[in-house]
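Here the structure comes first, spelled out in structure tokens, and everything after it is commentary.
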Amino acid sequence: MKVTVDQDTCIASGQCVLTTSEVFDQRDDDGIVVLVTSTPPESLSPDVHEAAALCPARAIQVAD
């Protein structure tokens with residue numbers, strides 16, 4: 001699994017961090033998404049896909 005984020009599209013809603021803090025974090029100054037890891041373990045796949053689905057800006061892409 002490979003995860004990418006578009007920081008220009010992110011609106012800092014934080015849904016990704018609430019769903020999978022092992023993979024996503026937010027910048028302190030503006031809340032924009034930051035990847036903790038772009039290649040999370042497969043055990044986190046359901047949570048990562050949920051985070052992508054919940055992102056209101058569709059700023060998260062997941063390739064399996």
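The structure presented is a predicted model; accordingly, all values stated were derived computationally and were not measured.
In this structure, the salt bridge (Lys or Arg N to Asp or Glu O under 4.0 Å) partners of Asp30, at least two apart in sequence or on a different chain, are Arg27. A search for side chain to side chain donor-acceptor pair (under 3.5 Å) contacts involving Gln61 returns Thr4, not counting sequence neighbours. Legend: residues meeting side chain to side chain donor-acceptor pair (under 3.5 Å) with Asp64, ordered by chain and number and at least two apart, are His49. The side chain to side chain donor-acceptor pair (under 3.5 Å) search around Asp25 returns none, not counting sequence neighbours.
For residues 5-20, the set of pairs meeting the side chain to side chain donor-acceptor pair (under 3.5 Å) definition, not counting sequence neighbours, comprises Asp6-Thr9.
Contact of the Ile60 side chain with the Cys16 side chain is registered, since non-hydrogen atoms from C-beta on lie closer than 4.5 Å.
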Query raised in the report: Going through the checks in order, is the side-chain contact (heavy atoms from CB on, under 4.5 Å) test met by Phe24 and Val5?
Result: CA-CA 10 Å; Phe24 304 101; Val5 297; 4.0 Å; yes
Show me the donor-acceptor pairs within less than 3.5 Å that the side chains of residues 31-47 make with the rest of the protein, sequence neighbours left out.
unit_1	atom_1	unit_2	atom_2	d
Thr37	OG1	Thr39	N	3.2
Ser38	OG	Lys2	NZ	3.4
Glu42	OE2	Met1	N	3.0

